[in-house]
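Before any comments, here is the structure.
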Amino acid sequence: HALMIVFLISTLVLYIIVAMVSTKLTNKYILDSQEIEIIWTVLPAIILILIALPSLRILYLMDELNSPLLTIKAVSHQWYWSYEYTDYEDLGFDAYMIPTQDLTPGQFRLLEADHRMVIPVESPIRVLVSADDVLHSWAVPALGIKMDAVPGRLNQTAFIASRPGVFY
């Protein structure tokens, strides 16, 4: 959509440049005209709106998840995360990072937690992210998600795990 608009604009500009260079005819009303200045100010604004509206629609449609299979609330604290499975009553836990001296071979330093968040595969999951005390960032790069946790604000993100495994 946007590429076609840019192509048409480029063709029009190239035509005008070739016409101005190749012809010797000039009109004094074209060189100093209020109407033409209004047109070349308003027309680009309309073109930018035509390019932006479909993109904004897609952006908002991608962000909203209408019927998630599972909703998880992740609340950050100073040194740990609290997870609540809000679709179930009294199902929540705290996840603390495992200290370096307590790691077993094969575990990753600064990535392992004592309790992992368990999610179903091939199902839409909504995560509500907030903070209790300071700014944090809830991120799982392997799933392509990152959301900031801000005290007093509830942020929402959604994802689908396409395969089983442990994602850091």
Side-chain angles (χ1 to χ4, degrees), residues 1-11 13 41-168:
H1 175 75
L3 186 62
M4 192 54 138
I5 292 174
V6 169
F7 177 73
L8 292 174
I9 291 172
S10 301
T11 305
V13 169
T41 303
V42 172
L43 191 63
I46 293 171
I47 291 170
L48 287 174
I49 290 170
L50 289 175
I51 291 173
L53 286 179
S55 300
L56 286 174
R57 180 178 172 271
I58 291 171
L59 183 68
Y60 283 109
L61 286 176
M62 284 177 47
D63 191 40
E64 189 60 35
L65 186 63
N66 292 330
S67 58
L69 181 72
L70 182 66
T71 300
I72 300 170
K73 184 170 74 170
V75 179
S76 70
H77 302 279
Q78 187 73 30
W79 296 106
Y80 64 97
W81 285 87
S82 295
Y83 295 100
E84 293 179 30
Y85 291 82
T86 59
D87 298 332
Y88 305 98
E89 200 171 308
D90 295 331
L91 184 57
F93 60 92
D94 294 334
Y96 291 89
M97 185 173 59
I98 297 177
T100 305
Q101 63 270 14
D102 296 341
L103 291 174
T104 60
Q107 289 184 325
F108 295 109
R109 183 178 163 268
L110 301 177
L111 291 177
E112 295 291 342
D114 60 353
H115 294 95
R116 293 178 175 160
M117 184 177 77
V118 179
I119 57 168
V121 178
E122 295 291 338
S123 302
I125 309 295
R126 175 175 50 198
V127 181
L128 304 174
V129 181
S130 186
D132 188 39
D133 44 18
V134 296
L135 295 174
H136 290 279
S137 181
W138 189 85
V140 184
L143 294 174
I145 52 174
K146 180 179 187 293
M147 184 58 61
D148 292 328
V150 181
R153 181 175 176 165
L154 190 64
N155 290 327
Q156 171 180 299
T157 186
F159 66 92
I160 297 175
S162 60
R163 60 182 173 79
V166 178
F167 301 102
Y168 295 99

Distance (rounded to the nearest 0.5 Å) between I119 CD1 and Y83 OH: 11.0 Å
Enter the distance from L50:CG to I46:CD1 here, rounded to the nearest 0.5 Å. 7.5 Å
Within a radius of less than 6.0 Å around CD of Q78, do more than 12 heavy atoms belonging to other residues, nucleotides or ligands occur? yes
Distance-only check: which donor-acceptor pairs under 3.5 Å involve side-chain atoms of residues 95-112, not counting sequence neighbours?
from	atom 1	to	atom 2	distance (Å)
T104	OG1	Q107	OE1	3.3
Q107	OE1	T104	N	3.0
E112	OE1	R116	NH2	2.8
E112	OE2	F108	N	3.4
E112	OE2	Y168	OH	2.5

Are the side chain of T71 and the backbone N or O of T86 linked by a donor-acceptor pair below 3.5 Å? no
What closest approach, in Å, do V127 and A74 show between heavy atoms, and which atom pair accounts for it? CG1-CB, 4.3 Å
Minimum heavy-atom separation for V75 to A131, with atom names? CG1-C, 4.4 Å
Test your reading of the model: is there a side-chain donor-acceptor pair from H136 to the backbone of H77, 3.5 Å cut-off? yes
Here the gap from L53 atom CG to L48 atom CG, rounded to the nearest 0.5 Å, amounts to 11.0 Å
All salt bridge (charged side-chain N to carboxylate O under 4.0 Å, His left out) counterparts of D87, not counting sequence neighbours: none
Ring-plane angle category for W81 and W138, please: parallel below 30°, perpendicular beyond 60°, tilted otherwise. perpendicular
By the definition side chain to side chain contact (heavy atoms under 4.5 Å, CB included), identify the one residue from I72, L154, T157 that meets it with L128. L154
Do you know the tightest heavy-atom contact between F7 and T11? O-OG1, 2.8 Å
Using only atom types and a distance under 3.5 Å, with no angle test, would you say the side chain of S123 pairs donor to acceptor with the backbone of V121? yes
Looking at every non-hydrogen atom in both residues, tell me the closest pair between S130 and A149 and how far apart they are. O-CB, 3.5 Å
Near L3 CG, under 6.0 Å, is it more than 12 heavy atoms from other residues, nucleotides or ligands? no
How long is the straight-line distance from CE of M4 back to CD1 of I9, given to the nearest 0.5 Å? 12.0 Å
What heavy-atom pair brings S76 and V134 nearest, and what distance separates the two atoms? OG-O, 4.0 Å
If I take atom CZ from residue F159 and atom CZ from residue R126, how far apart are they, to the nearest 0.5 angstrom? 12.5 Å
Where do V118 and Y85 land on the side-chain contact (heavy atoms from CB on, under 4.5 Å) test, with the steps shown first? CA-CA 10 Å; V118 179; Y85 291 82; 4.2 Å; yes
Under a 4.5 Å cut-off applied to non-hydrogen side-chain atoms, are I125 and I160 in contact? no
Report the distance from atom CG of D148 to atom CG of N155, rounding to the nearest 0.5 Å. 7.0 Å
Could you walk me through whether I145 and M147 pass the side-chain contact (heavy atoms from CB on, under 4.5 Å) check? CA-CA 7 Å; I145 52 174; M147 184 58 61; over 6 Å; no
